[in-house]
2 protein chains.
Amino acid sequence: MKEIILSQVYQHPLISTEDLRRIIDAHEPRSFSKGEHLYKRGKVLNEYLVLESGLIRSFTHNYQGDEITTDFFGQYEVVIEVLSLFQRTALQEDLQALTDGCGWTISYDVFQELFHAIPGLSEWGRLWMTNKLFQFKQKSIDIITQSAKERYLDIVTNKPQIIRHAPLKQIASYLGITDTSLSRIRKDIS
Amino acid sequence: MKEIILSQVYQHPLISTEDLRRIIDAHEPRSFSKGEHLYKRGKVLNEYLVLESGLIRSFTHNYQGDEITTDFFGQYEVVIEVLSLFQRTALQEDLQALTDGCGWTISYDVFQELFHAIPGLSEWGRLWMTNKLFQFKQKSIDIITQSAKERYLDIVTNKPQIIRHAPLKQIASYLGITDTSLSRIRKDIS
DNA sequence: AGCATTTCTTGCCATAGGGTAAGAGTGCTC
DNA sequence: GAGCACTCTTACCCTATGGCAAGAAATGCT
């Protein structure tokens, strides 16, 4: 399973079979249970996690202290807060498991070594960042151009695991609306 | 001037004076005038531009064909659309000058060479991406947690050049509101 | 099973911001 | 310097979403 997941994630033309072997070997297993806080706000992130199964969310708080869910992570996704990991600063978000699950972690130091030793990995990392950057840019455009209902239906279609496992309030804060409004939207749809 | 701007931008502990020399030498001058479309939607971006002076905006269109300004770039900033440059895909946005100005460009091929030859540059690139990623993530959080007025005041305080040079309609679409609303907000403030 | 807690729904009214259109101000062009 | 195009303001009314609160449903704990 480890091979299947990781060779899927680290797919890149410049990463040879040999390189891939080194990368895979550098990952350690990690499992977690529902509700567990995997990484906590205030600490510096020292690893990232490639998800094999389960659902994880990242969240922060607004000035009123309400939780705002900023992202969800599912299978084959990389659970990370880049600012903390690469800038070696304190996490500004919490990462919490919404279901039981497991995956593979790699530490900052080991990743750093491979990043400079394997040209394909630095290319891969750049592409990963590029995609993630695009996602967030798109998200901020979507918030201003689409209605809450459209954005909700988008999740229903493209990320149904979120609907299945995350409580309404978390989905609502991710969409930028209140749980009350999301409840009404649901009613309206059905 | 070239040295001042570029050594400021490419500041990183792992970039030696020698490395910096190579990086600076790889940049070509580029000037532009108000209203000019520097890079056009549909083409693959083949370089990026470090701004010495002037103001540039990136914009796209929503499904109704209205322009949406997605970003503004000022002095010392890197004018780029990462998805197009690094993924070698067609630009999804236009980049247009709001004022006369100039800066320094570096081509994809040359950057690519230096990226792999100079470890400090790949670190620098990763940090740059990290910051940009954070900016967009923050922007999407701000849109859902702050009122349009608060976001406008934020620009007034932190990016006053935008207020000075960009027409109201572009600022409004950047904020995610209509020009009508922004006009009311302005009135309300004064 | 029984109780407590959290999650979700619904109703009432409030408000930020949108849609449209008219008019004022500004600057460009021939 | 008259006409034109663009930008900005303002007024009218409308809609999506919020705030609050009560109740219903689901979940978890002992």
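Note that the structure is predicted; figures quoted are calculated from it, not measured. Chain identifiers are assigned alphabetically (A, B, ...) following the order of the sequence lines, protein sequences preceding nucleic acid strands; residue numbering begins at 1 within each chain.
- For the pair A:Glu67 CD and C:dT7 C1', the computed distance is 14 Å after rounding to whole Å.
- Taking atom NZ on A:Lys169 and atom P on C:dT5, their separation rounds to 16 Å, with Å as the unit.
- We find that CZ of A:Arg186 is positioned 13 Å from P of D:dA26, with the value rounded to whole Å.
- B:Ile177 is connected to B:Tyr174 through a chain of hydrophobic side-chain contacts under 4.5 Å among Ile, Leu, Val, Met, Phe, Trp and Tyr, so both are in one cluster.
- In this structure, the ring of B:His27 has its center less than 6.0 angstrom from the ring center of B:Tyr10.
- For B:Ser84 (side chain) and B:Val44 (main-chain N/O), no donor-acceptor pair under 3.5 Å exists by modelled atom type.
- Separating the NZ atom of A:Lys34 from the P atom of C:dT7 is a distance of 10 Å, rounded to the nearest angstrom.
- Side-chain contact between B:Gln11 and B:Trp124 is absent, with no heavy atoms from C-beta onward closer than 4.5 Å.
- Going from atom NZ of A:Lys187 over to atom C1' of D:dA24 covers 14 Å, rounded to whole Å.
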**Study point:** Protein-to-nucleotide contact annotation, 5' to 3' order, nucleotides 23-30 of chain C [B base; S sugar-phosphate only; - none; under 4.0 Å, heavy atom]
**Key:** --------
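- Looking at B:Leu133 and A:Phe86, their side chains never come closer than 4.5 Å, going by heavy atoms from C-beta outward.
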For nucleotides 16-18 of chain C, which of its nitrogen or oxygen atoms have a protein nitrogen or oxygen under 3.5 Å away, and what is each distance?
unit_1: C:dG17; atom_1: OP1; unit_2: B:Ala148; atom_2: N; d: 3.0
unit_1: C:dG18; atom_1: OP1; unit_2: B:Thr178; atom_2: N; d: 3.4
unit_1: C:dG18; atom_1: OP2; unit_2: B:Thr178; atom_2: N; d: 3.1
unit_1: C:dG18; atom_1: OP2; unit_2: B:Thr178; atom_2: OG1; d: 3.1
unit_1: C:dG18; atom_1: OP2; unit_2: B:Ser181; atom_2: OG; d: 2.4
unit_1: C:dG18; atom_1: N7; unit_2: B:Arg184; atom_2: NH2; d: 3.3

Review point. Between A:Arg41 and A:Glu81, does a salt bridge (charged side-chain N to carboxylate O under 4.0 Å, His left out) hold up when you go through it step by step?
Key: CA-CA 11 Å; A:Arg41 177 173 206 162; A:Glu81 215 274 69; over 6 Å; no
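- Of the residues B:Glu77, B:Glu93, B:Glu67, the one that meets the salt bridge (Lys or Arg N to Asp or Glu O under 4.0 Å) test with B:Arg57 is B:Glu67.
- With rounding to whole Å, A:Leu168 atom CG is found 13 Å from D:dA25 atom C1'.
- Atom CD1 in B:Ile171 sits roughly 12 Å away from atom C1' in D:dT7 (whole-Å rounding).
- For the pair B:Gln170 CD and D:dC8 C1', the computed distance is 14 Å after rounding to whole Å.
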Check your understanding: Are B:Arg88 and B:Tyr108 close enough, and set up right, to give a side-chain hydrogen bond (donor to acceptor under 3.5 Å, both in side chains), and what steps lead you there?
Key -> CA-CA 10 Å; B:Arg88 319 305 296 138; B:Tyr108 174 74; 4.5 Å; no
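- Contact annotation: the side chain of A:Leu114 approaches that of A:Arg22 to within less than 4.5 Å [non-hydrogen atoms, C-beta and beyond].
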